[in-house]
Structures are given as C-alpha cells and as structure tokens.
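What follows is one structure encoded as structure tokens, with my remarks underneath.
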Amino acid sequence: MRRHKRGLRVFLAFLFLLAVAGIAASFLRLSASEARFAPYRAKLVQYLPFQIKTIRVEGRNLTPEDDLMRALGTSVGKPIFGFSVSAARDRIDTLPFIDHATVERHMPDTIVIKITERSPVAVWQDHGQFILINRAGERVPDQGLEGKNGQAFIKLPLVVGEGANIAASTLVDALTANPSVKEFVVAAVRVGQRRWNLTLRDGATVLLPEGQEQAALARLAQYQGQFRLLERPVVSIDMRLPDRMVIHQPPAPVADPNAPQDSLDTNQVKQPGTDASNTGNGATVRSGGQAGSTQKSGPGTAGNLPQSTHKPGHAATQRGHDSQAPSSADGASTEE
C-alpha cells in the first residue's frame, strides 16, 4: 500500500504539471492573435493595474517625438498591459526614417522603445534627380520616392548644385542650430563649390559667406528675433562681408505727382546716430549706427533695418575688395 501511495503521488504531480503546461500553451496561442487576446488582456489589466511610469526611447534622431508617441499608442499613467507591443512596433515601423523598431515591457512600470533609423541628412538635387544623402554626401541605399521614403524627402532640407552633397552636412548642422532661420528656408544652392545661397519661402535669397555659415546664420537668427527680418518684403540679404549686411528691397510704387504734398517726405528722413549707406533700392547696414533706426532710400524703403554689432568706425564702402563685395551703383550685389 505504501508503494502504491508513493506511485499515486508521482502520478498526480505529473498530471498537475501537464495541466499547467496545457494552460501555458493555450495562453501563448491566444497571445499570438491580437483579436483573440484582446478580451483576455482587458481582464488582465483589471486584475494587474500596473501603470507606466517611464517610457525610454533609444536611437531616435530624426523621428519627431510626438509622432513616435502617437504610434506607440499609450503614455505615462496608462496600464502597462493596456496595449499590444506587436501592434505598437508595426505602427512605429511605418514612420518615415524608421528602418525597424522593437517595443518591450520592463516590469513593473517601464516601456523601452529601440529604433534604428535610416541615416539621410538632406535631399540632393543633381541633374534633375532627387537623391537622399548621408553626412558623407553618399547616396543612402535602397531609397525611393514611394511610401514612407517619399515622406522623408519632404521633411529633409534640399541642397542643389555641384558639390552640394559633400558640403551639405555642415550647412544642415548650422541650420539645425538656428531653427528660427531654418523654418523659412526651402532650398540651399551651392555657388561655385565654395559657398551657399539660401532660398526662402517668399522667394528671397540669402547670400552666405564662404566657410562662415554658422556665424552668418547666428547673426540672421538674431536679426529675425529682434526685427522679424525674414518676414519683411525683401529681394535679397547679402551677408558675404563679415562687417555688414546689404538688404535689397523691391521698388516702391511710383508716387502720384498730382497727390497733395502736405506731408513730410519720409524718404528724406534720417535719424541721428545712424550710419547706413543707401544706394538705389539697397540699404547697407553696418557698424557704428543706432540699433533699430529707420532708413529710407531712393524709391525703395529699408525701414527698421537692424544694425550690425561689429567694430564701429568702419568705412561705409570698401574699394579694391574681391569680387564678392556688393559694389554696383544701383544697390545690386555682384555675383561670382
């Protein structure tokens, strides 16, 4: 009888382990199906109300955080079992720039998202073709203009011209460091494989100096913050000389000679303390003037022009400078 009892206990223990294994296998089969597992997850959330306290993201550089959180489908404070990690991973994989992603639950309160992004920094227009390039100026492989790759083309800066792919990373870093300027830029054109011209949303052109993109864009961001310069009606902003900025404005409408002349001609007003030379439709702003003064010139208007912060007393015009200096009589800037 004792031998039979020992055998019965072993048999019962075997049946118990077999039942546990069967339940576990059924649970795994159900969890593989999102639709079938959803009701069980809802009950599990009720009995295990663990909340998310931390969402950790690894590998994100180009993907906007808001887009990533929307694709995740949950947030801090929500139940940690209240979403499907596989469905969240599939949604994240569809975002632009994402090559692949993993989503993990780390009990009791942490979600970890690990993403591997594609590595383009700009779109290079070369002989009518648009090519995604990396920081080295090389073509990013296996990219096209369809699906989420097409969305990536829209979000990246556009660089145009011979050699633009090689120099793009420096300009992109400078624009990223000055977001108030970057939001107005639609394209950057490489000139003579030496420097950049920026094309703004309203069609205006910003002429940057050779090798000094970061300093010039920082100045431009300062003027944008103080004077909203990039929102004014200008034709071009010439920053090729380090000690001055030449702003060309569109010509003003011709005044009606029959109109009454009982008001002061503001084109002849010059505030004291300023030091800006006006030629034609251009206004040259340099050091030595009073910040925020109003200058008027010719038929054009250069109102509320910012003043440079460089050394005072510098000559208004330079003679014998290289071909990059703005020097024509009507205020137009000479180009290479």
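All residue numbers refer to positions in the sequence shown, counting from 1.
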Group every Ile, Leu, Val, Met, Phe, Trp and Tyr by side-chain heavy-atom contacts under 4.5 Å, then state whether [X] and [Y] land in the same group.
{"X": "Ile113", "Y": "Leu95", "result": "yes"}
{"X": "Phe227", "Y": "Val235", "result": "no"}
{"X": "Phe184", "Y": "Val159", "result": "yes"}

Between [Y] and [X], does any NZ, NE, NH1 or NH2 come within less than 4.0 Å of an OD or OE carboxylate oxygen?
{"X": "Lys155", "Y": "Asp67", "answer": "yes"}
{"X": "Arg56", "Y": "Glu58", "answer": "yes"}
{"X": "Arg135", "Y": "Asp173", "answer": "yes"}

Can you tell me how far [atom2] of [Y] sits from [atom1] of [X], rounded to the nearest 0.5 angstrom?
{"X": "Gln224", "Y": "Glu231", "atom1": "CD", "atom2": "CD", "answer": "5.0 Å"}
{"X": "Leu175", "Y": "Ser180", "atom1": "CG", "atom2": "OG", "answer": "10.5 Å"}
{"X": "Ile115", "Y": "Leu68", "atom1": "CD1", "atom2": "CG", "answer": "5.5 Å"}
{"X": "Ser75", "Y": "Gln51", "atom1": "OG", "atom2": "CD", "answer": "10.5 Å"}
{"X": "Asp109", "Y": "Met107", "atom1": "CG", "atom2": "CE", "answer": "8.0 Å"}

If you define the side chain from C-beta out and look only at heavy atoms, does anything of [X] sit under 4.5 Å from [Y]?
{"X": "Val206", "Y": "Leu217", "value": "no"}
{"X": "Val123", "Y": "Leu132", "value": "yes"}
{"X": "Val76", "Y": "Ile55", "value": "yes"}
{"X": "Gln129", "Y": "Trp124", "value": "no"}
{"X": "Leu229", "Y": "Ile247", "value": "yes"}
{"X": "Asp126", "Y": "Asn165", "value": "no"}
{"X": "Arg195", "Y": "Leu207", "value": "yes"}
{"X": "Ile92", "Y": "Val103", "value": "yes"}

- In a check of side chain to side chain contact (heavy atoms under 4.5 Å, CB included) between Met239 and each of Glu213, Met245, Arg244, Gln212, which one passes?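 With Met239 as partner, Glu213, Met245, Arg244, Gln212 yield a single side chain to side chain contact (heavy atoms under 4.5 Å, CB included), made by Met245.
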
- Query: Between Leu220 and Leu230, does a side-chain contact (heavy atoms from CB on, under 4.5 Å) hold up when you go through it step by step?
  - Reply: CA-CA 8 Å; Leu220 196 58; Leu230 300 180; 4.1 Å; yes

- Full working for side-chain contact (heavy atoms from CB on, under 4.5 Å) between Asn197 and Leu208: CA-CA 6 Å; Asn197 283 352; Leu208 296 181; over 6 Å; no

- Task: Could you please spell out the steps behind the side-chain contact (heavy atoms from CB on, under 4.5 Å) verdict for Glu162 and Arg190?
- Result: CA-CA 7 Å; Glu162 184 178 358; Arg190 191 70 171 166; over 6 Å; no

What's the shortest heavy-atom distance between [X] and [Y], and which atoms?
{"X": "Pro250", "Y": "Pro233", "answer": "CD-O, 3.1 Å"}
{"X": "Leu158", "Y": "Val186", "answer": "CB-O, 3.8 Å"}
{"X": "Ile166", "Y": "Ala136", "answer": "CD1-O, 4.1 Å"}
{"X": "Thr176", "Y": "Lys182", "answer": "OG1-NZ, 3.8 Å"}
{"X": "Ala221", "Y": "Asn178", "answer": "CB-OD1, 3.7 Å"}
{"X": "Leu171", "Y": "Ala188", "answer": "CD2-CB, 3.3 Å"}

- Message: Tell me every residue that passes salt bridge (Lys or Arg N to Asp or Glu O under 4.0 Å) with Glu104, counting only those two or more places apart in sequence or in another chain.
- Response: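 Once residues adjacent in sequence are excluded, Glu104 has no partner under the salt bridge (Lys or Arg N to Asp or Glu O under 4.0 Å) criterion.
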
- Message: Under a 3.5 Å distance rule, please check whether Asp93 uses its side chain to pair with a backbone N or O of Ala101 as donor and acceptor.
- Response: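 Flag set: sc Asp93 to bb Ala101 pair under 3.5 Å.
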
- Message: Tell me whether Arg60 contacts the main-chain N or O of Lys114 through its side chain, where contact means a donor paired with an acceptor under 3.5 Å.
- Response: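 Checked: no pair found.
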
- Query: When you measure from the centre of the six-membered ring of Phe83, is the NZ or CZ of Arg105 under 6.0 Å away and within 45° of the axis?
  - Reply: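 Arg105 over Phe83 ring: yes.
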
- Does a side chain donor of either Glu117 or Thr63 reach within less than 3.5 Å of an acceptor in the other side chain?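 Checked: Glu117/Thr63 side chains pair up, N/O donor to acceptor below 3.5 Å.
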
